[in-house]
There are 2 protein chains.
Amino acid sequence: MLRLTKKADYGLIALKYLAEQSTNGAQSAKDIAEAYHIPPQLLAKILQTLAKSGLLVSHAGTNGGYALARSAHDISAFEVIRAIDGPLFITSCITIHGTCDLHGTCTIKEPLRKVNDSIKELLSGIRVSDLIEPIEDSPAAALAGGLVSIAL
Amino acid sequence: MLRLTKKADYGLIALKYLAEQSTNGAQSAKDIAEAYHIPPQLLAKILQTLAKSGLLVSHAGTNGGYALARSAHDISAFEVIRAIDGPLFITSCITIHGTCDLHGTCTIKEPLRKVNDSIKELLSGIRVSDLIEPIEDSPAAALAGGLVSIAL
DNA sequence: AGCAACTCCGACCGCATTGGTCTTGCTTAC
DNA sequence: GTAAGCAAGACCAATGCGGTCGGAGTTGCT
Ligand code: FES
Ligand code: FES
């Protein structure tokens, strides 16, 4: 259930790496790929997507590479996933026609949308800076992540 | 992102319908399918899966059909989704080998697991009975759904 | 009991999406 | 000028989802 695509997974790994190495200037796609043993060409394409979305800045040429466009503290996991996997959402009702086949008959559409929003809130509360140093169950953790209440 | 399969969607619809019609005895898969204009054979298979998972009880023969195994108040959305889509989780690292290719190198595995757990908690707090009468933003809603705090 | 209708059940198949690769071209530093 | 690196597109293989088919079992009626 609720599978996150591998591309998004790779994207988050790369983001985290770039956040850690932010002092060393730009990092090439090849370097990141080798550091984690993931297909270089695939990661390159992912980074391009992220760059087009404005999350990364790219610099071509020798000693070029990618760097974070904003501070690691200011990039949410939700943005990353949305940039890579597109605005797909939990309601599978998005067919090619743009709308669900069961336009009026589906009765659980609205409750699921609420759930969807909650998950969105949850992911928006997670920033890449949080991935670097996993804050254990400290009081600050609840504050950092935020509280998500699900109301049907 | 985070797409819920159409099967699970159909399953939830069926569960809701069965909960509403619980007084009228068992309902056949064909009846439910026609009520919502979804492929009958497909829904049949979904109901079979749910029956095998113990969420529904099936009764063959004339005037047979399916009925809820437990009270609608006691079946969570999480159980339904898990029964249909299997125990797939947000970490896409479950290859055919059973474990991720990046066994030690992946650094975001643990944070994502926490997120996964939070979503699980969220879905577990939603019961089929909640789908029937959508409780608007009442104070009881927060109580019913529970509060989910995400702590990395 | 025998029959017929009805419903569940398991196996099967086409297709969309995803993960991954290759080729080509453009930009920049040295 | 040349090598390092990004950018962009087409292209391919496989997983798994959505959907379909025929069969086995059960119930109610005569
Ligand atoms: S199937 Fe379209 S809203 Fe549920
Ligand atoms: S890719 Fe396996 S844990 Fe992230």
Side-chain angles (χ1 to χ4, degrees), chain A residues 1-11 13-14 18 25-34 36-54 56-67 69 81 84-86 88 92-97 100-102, chain B residues 1-11 13-14 18 25-34 36-53 56-67 81 84-88 92-98 100-102:
Chain A
M1 54 163 277
L2 294 172
R3 185 181 44 211
L4 184 61
T5 72
K6 220 164 194 174
K7 287 187 194 176
D9 200 354
Y10 289 161
I13 297 179
L18 284 175
Q27 301 287 324
S28 80
K30 202 185 94 184
D31 289 344
I32 308 180
E34 283 177 355
Y36 291 99
H37 307 104
I38 58 190
Q41 316 244 31
L42 178 57
L43 185 93
K45 202 161 65 170
I46 297 172
L47 292 177
Q48 287 170 29
T49 310
L50 257 43
K52 253 193 298 188
S53 305
L56 293 180
V57 286
S58 62
H59 198 64
T62 318
N63 285 355
Y66 293 93
I81 296 172
I84 296 177
D85 284 353
L88 318 180
S92 60
C93 314
I94 319 158
T95 72
I96 44 176
H97 309 91
C100 178
D101 302 349
L102 331 168
Chain B
M1 54 162 282
L2 295 171
R3 185 180 44 211
L4 184 59
T5 72
K6 219 164 196 173
K7 288 189 193 175
D9 201 354
Y10 289 159
I13 297 178
L18 285 174
Q27 302 287 325
S28 79
K30 201 183 98 187
D31 290 344
I32 309 179
E34 284 177 355
Y36 292 98
H37 308 104
I38 58 187
Q41 315 247 27
L42 177 57
L43 183 93
K45 199 162 70 169
I46 297 173
L47 294 176
Q48 290 166 29
T49 309
L50 289 173
K52 255 193 297 186
S53 306
L56 294 179
V57 286
S58 64
H59 199 66
T62 319
N63 286 356
Y66 293 93
I81 296 172
I84 294 177
D85 284 353
L88 318 181
S92 60
C93 318
I94 318 159
T95 71
I96 43 173
H97 310 91
C100 178
D101 302 349
L102 333 168

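Of the residues near DNA chain C, B:Lys30 and A:Lys45, the one whose nearest nucleotide (by heavy atom distance) lies more toward the 5' end is B:Lys30.
Regarding contacts with the backbone of C:dG20, a side-chain N or O of A:Tyr10 is found under 4.0 angstrom from either OP1 or OP2.
Contact check of residues 56-64 of chain B against DNA chain D (heavy atom, cut-off under 4.0 Å) returns B:His59, B:Ala60, B:Gly61, B:Thr62.
Within the nucleic acid shown, A:Ala51 has no heavy atom closer than 4.0 Å to any nucleic acid atom. B:Ala29 comes within 4.0 angstrom of sugar-phosphate atoms only, judged by non-hydrogen atoms across all strands, and of no base.
Rounded to an integer number of Å, the gap from CD1 of A:Ile84 to P of C:dG20 is 13 Å. The CD-P distance, from A:Gln27 to D:dC6, rounds to 10 Å in whole Å. C:dC9 atom C1' lies 15 Å from atom CD1 of B:Ile46, rounded to whole Å. Rounded to an integer number of Å, the gap from CG of B:Asp85 to P of D:dT15 is 19 Å. In this structure, B:Leu43 atom CG and C:dT7 atom P are separated by 14 Å, rounded to whole Å. Look at CD on A:Gln48: it is 14 Å from C1' on D:dA10, rounded to the nearest Å. A straight line from NZ of A:Lys6 to P of D:dA14 spans 15 Å, rounded to a whole angstrom. The CG-P distance, from B:Asp9 to D:dG19, rounds to 11 Å in whole Å.
In this view, B:Asp31 and B:Ser28 satisfy the side chain to side chain donor-acceptor pair (under 3.5 Å) rule, not counting sequence neighbours. Legend: residues meeting side chain to side chain contact (heavy atoms under 4.5 Å, CB included) with A:Ala26, ordered by chain and number and at least two apart, are absent.
Considering CD1 of B:Ile81 and OG1 of B:Thr5, their distance stands at 8.5 Å, rounded to 0.5 Å. To the nearest 0.5 Å, atom NZ of residue A:Lys6 and atom CD1 of residue A:Ile84 are 14.5 Å apart. Note that CD of B:Gln48 is 10.0 Å distant from CG of B:Leu43, once rounded to the nearest 0.5 Å. In this structure, CD1 on A:Ile32 lies 4.0 Å from CG on A:Leu18, to the nearest 0.5 angstrom.
The side-chain heavy atoms of B:Tyr10 and B:Lys45, taken from C-beta on, include no pair separated by under 4.5 Å. Between A:Ile13 and A:Asp9, the closest side-chain pair of non-hydrogen atoms falls below 4.5 Å.
With D:dG19, D:dC6, C:dG19 as the candidates, the nucleotide lying closest to the side chain of A:Tyr66 is D:dC6.
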For residues 56-65 of chain B, run the donor-acceptor check on the side chains, cut-off 3.5 Å, and write out each pair with its distance to 0.1 Å, sequence neighbours left out.
none

Could you list all N or O pairs between the protein and nucleotides 21-24 of chain D that sit under 3.5 Å apart?
unit_1: D:dC21; atom_1: N4; unit_2: B:Gln41; atom_2: OE1; d: 3.4

